[in-house]
Amino acid sequence: MADASRAIAEFGDKAKLYAGGAELLLLLRNGLLDAEVLVDLKKIERLHSVSFEIGLLRIGACVTHRELADHPLLRQHAPALAYAESKVANIRVRNQGTLGGNLAFNDPHSDPGTVLLVHDSTVVIGNDKGERRIGLDEFFADMYATALEASDLLLEIEVPRLPVGMTSAYQRLHRYQRPTLGVAAAVRLVHEKIAEARLAVGCVGPKAQRLAELEAKLAGVTLADSRKIIADEKKYLREILRPVDDLLGSAEYKLYMTGVMLGDALEEASQGSGS
Ligand SMILES: Cc1cc2nc3c(=O)[nH]c(=O)nc-3n(C[C@H](O)[C@H](O)[C@H](O)COP(=O)(O)OP(=O)(O)OC[C@H]3O[C@@H](n4cnc5c(N)ncnc54)[C@H](O)[C@@H]3O)c2cc1C
């Protein structure tokens, strides 16, 4: 890990970190990026491990989407994440692309980050001087931008299990391979009312976002009433998600579907078997 960090520090802009290459090779091939040195992160053994201990799932940055979709620890402790991973692109990209590459690239039209936000996930970043942890919400700085600095590597993603009694779901809308909209929800019901809800939305604007203000407004209401509350929060959703028109859908369409799918995802989460 220290060698890789030193290599990118030494070669500067001429060097690029390389994991699955699903994005990087496309950028190089299309002349959008230039690199003389590729630093292959797949050689670092630690980045391939998946483990679970004391309520925390640890995923190495170089674990592929396909491995995660099928991994028994994910299916048991974070089923919505396993489902989101199974929906990424196509079998070729899932075989090649890694979770670390997906988060580090931070393309707005991505799946796993949205579910990871609902789990209050943290990322472990390292360089030749040491390691640090930051929340995923802070890691996602903006469209294609993260908190990674020049000689940093994304090492691990730490995914806490959801609180006892809380179950989750991920729903995705797509016309092409990349999603137009991704919605993650987790909910705990008590006597058919929402005791606690977590919501995150991806693909609508520059980056995936948790919806903390809306979550607070849903406490104590039924699932049916939650749909009305969500429908009335269009102004808040527009402000926080900053929807943009793009090839995958208009801003208005994405915003409308966000409201519909937040309600659907909460309902599906409430029927879940737990995560
Ligand atoms: C056709 C196509 C369809 C796709 N559809 C979807 C989709 O439906 N949903 C979705 O979520 N994603 C989708 N993707 C994105 C895909 O998930 C990512 O391409 C993949 O996960 C990137 O991982 P990688 O290991 O290949 O990264 P690479 O291409 O190797 O790297 C991508 C970028 O991240 C940097 N990087 C990689 N690993 C690290 C690390 N550990 N630390 C620091 N920097 C790092 C690289 O330097 C590079 O800048 C699609 C991609 C393609 C090409």
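When a ligand or atom number is given, it counts from 1 through the structure's own listing order.
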Checklist outcome for this item: Residue, atom and distance of the protein heavy atom nearest atom 24 (P) of ligand 1 read Gly20 N, 3.5 Å
Checklist entry - Out of curiosity, does Leu47 fall in the hydrophobic cluster containing Leu99 (side-chain heavy atoms, cut-off under 4.5 Å, transitive links)? => result no
Item to check | Taking atom 2 (C) of ligand 1 as the reference point, the nearest protein heavy atom with its distance | outcome: Val93 CG2, 3.9 Å
Checklist entry - Strictly by modelled atom types, are Asn95 and His65 linked by a side-chain donor-acceptor pair under 3.5 Å? => result no
Checklist entry - Purely on distance, is any nitrogen or oxygen of Asn90 under 3.5 Å from one on ligand 1? => result no
Checklist outcome for this item: Ala61 heavy atoms within 4.0 Å reach ligand 1 at atoms 41 (N)
Item to check | Ligand-side contact atoms (ligand 1) for residue partner Pro179, heavy atom cut-off under 4.0 Å | outcome: 7 (C), 8 (O), 9 (N)
Checklist outcome for this item: One finds that the ligand 1 atoms under 4.0 Å from a non-hydrogen atom of Ser110 are 10 (C), 11 (O)
Next on the checklist: Checking contacts here: is it the side chain or the backbone of Ala22 that comes within 4.0 Å of ligand 1, counting heavy atoms only? Could be both or neither.
Outcome noted: both
Checklist outcome for this item: Nearest heavy atom to atom 23 (O) of ligand 1, choosing from Thr98, Val39, Val63, belongs to Thr98
Checklist entry - Can you tell me the protein heavy atom closest to atom 12 (N) of ligand 1 and the distance? => result Asn102 ND2, 3.3 Å
Item to check | Contact partition for Leu26 relative to ligand 1, non-hydrogen atoms under 4.0 Å | outcome: side chain
Checklist outcome for this item: Among non-hydrogen protein atoms, atom 31 (O) of ligand 1 lies closest to Leu24 CB, 4.2 Å
Item to check | Distance filter under 4.0 Å to Leu153 heavy atoms, resulting ligand 1 atoms | outcome: 42 (N)
Next on the checklist: So, regarding Leu17 and ligand 1 (criterion: nitrogen or oxygen to nitrogen or oxygen, under 3.5 Å), is there a contact or not?
Outcome noted: yes
Checklist entry - Nearest heavy atom to atom 30 (O) of ligand 1: which of Gly21, Ala15, Ala89 does it belong to? => result Gly21
Checklist entry - Considering only protein heavy atoms, which is closest to atom 37 (C) of ligand 1, and at what distance to one decimal place? => result Gly101 CA, 3.5 Å
Checklist entry - Are any of the side-chain heavy atoms of Arg227 and Ile230 separated by less than 4.5 Å? => result no
Checklist outcome for this item: The reported gap from CE in Met1 to CZ in Arg46 (rounded to nearest 0.5 angstrom) is 6.0 Å
Checklist entry - Under 3.5 Å, is there a donor-acceptor pair linking the side chains of Thr64 and Glu67? => result yes
Checklist entry - Would a 4.5 Å heavy-atom cut-off, applied to side chains only, mark Val187 and Leu189 as touching? => result yes
Next on the checklist: Salt bridge or not between Arg198 and Asp120? Use side-chain N to carboxylate O under 4.0 Å.
Outcome noted: yes
Item to check | Per-atom contacts of ligand 1 with Pro112, taking only distances under 4.0 Å to non-hydrogen atoms | outcome: 11 (O)
Checklist entry - Between the candidates His65, Lys16, Lys42, which shows the shortest non-hydrogen contact distance to atom 20 (C) of ligand 1? => result His65
Next on the checklist: Any side-chain to backbone donor/acceptor pair from Lys235 onto Asp232? Under 3.5 Å, distance only.
Outcome noted: no
Item to check | Shortest protein contact, atom 1 (C) of ligand 1 (heavy atom only) | outcome: Gln177 OE1, 3.4 Å
Checklist entry - Does the N or O separation between Ala104 and ligand 1 drop below 3.5 Å for any pair? => result no
Next on the checklist: Would Arg172 count as a contact residue for ligand 1, given that I'm defining contact as a non-hydrogen atom of the residue lying under 4.0 Å from a ligand atom?
Outcome noted: yes
Checklist outcome for this item: The answer for which part of Leu41 has a heavy atom under 4.0 Å from ligand 1 is side chain
Checklist outcome for this item: For atom 13 (C) of ligand 1, the closest protein heavy atom turns out to be Arg178 NH1, 3.5 Å
Item to check | Leu57 versus Ala78, closest heavy-atom pair with distance | outcome: CD2-CB, 4.0 Å
Item to check | Atoms in ligand 1 with a heavy atom of Ala19 nearer than 4.0 Å | outcome: 25 (O), 30 (O), 37 (C), 38 (N)
Next on the checklist: Considering both backbone and side-chain atoms of Asp111, is one of its nitrogen or oxygen atoms within less than 3.5 Å of a nitrogen or oxygen in ligand 1?
Outcome noted: yes
Next on the checklist: Go through it in stages, so that I can follow the logic: the residues are Leu241 and Leu211, the test is side chain to side chain contact (heavy atoms under 4.5 Å, CB included), and I'd like the CA-CA distance, side-chain angles, deciding distance and then a yes or no.
Outcome noted: CA-CA 9 Å; Leu241 297 175; Leu211 306 177; 4.1 Å; yes
Next on the checklist: Counting only nitrogen or oxygen atoms and a 3.5 angstrom limit, does Glu23 reach ligand 1?
Outcome noted: yes
Item to check | CG-CG distance between Leu32 and Leu24, expressed to the nearest 0.5 angstrom | outcome: 11.0 Å
Item to check | ligand 1 to Leu154 polar contact by distance, N or O atoms, under 3.5 Å | outcome: yes
Item to check | Within-4.5 Å side-chain heavy-atom neighbours: Arg210 and Leu199 | outcome: no
Next on the checklist: If I compare all heavy atoms of Arg172 with all of Val88, which pair ends up nearest, and what's the gap?
Outcome noted: NH2-CA, 4.4 Å
Checklist entry - Distance from Ser168 atom OG to Leu266 atom CG, nearest 0.5 Å? => result 11.5 Å
Next on the checklist: How close do Tyr170 and Tyr83 get, counting heavy atoms only, and between which atoms?
Outcome noted: O-CE2, 3.3 Å
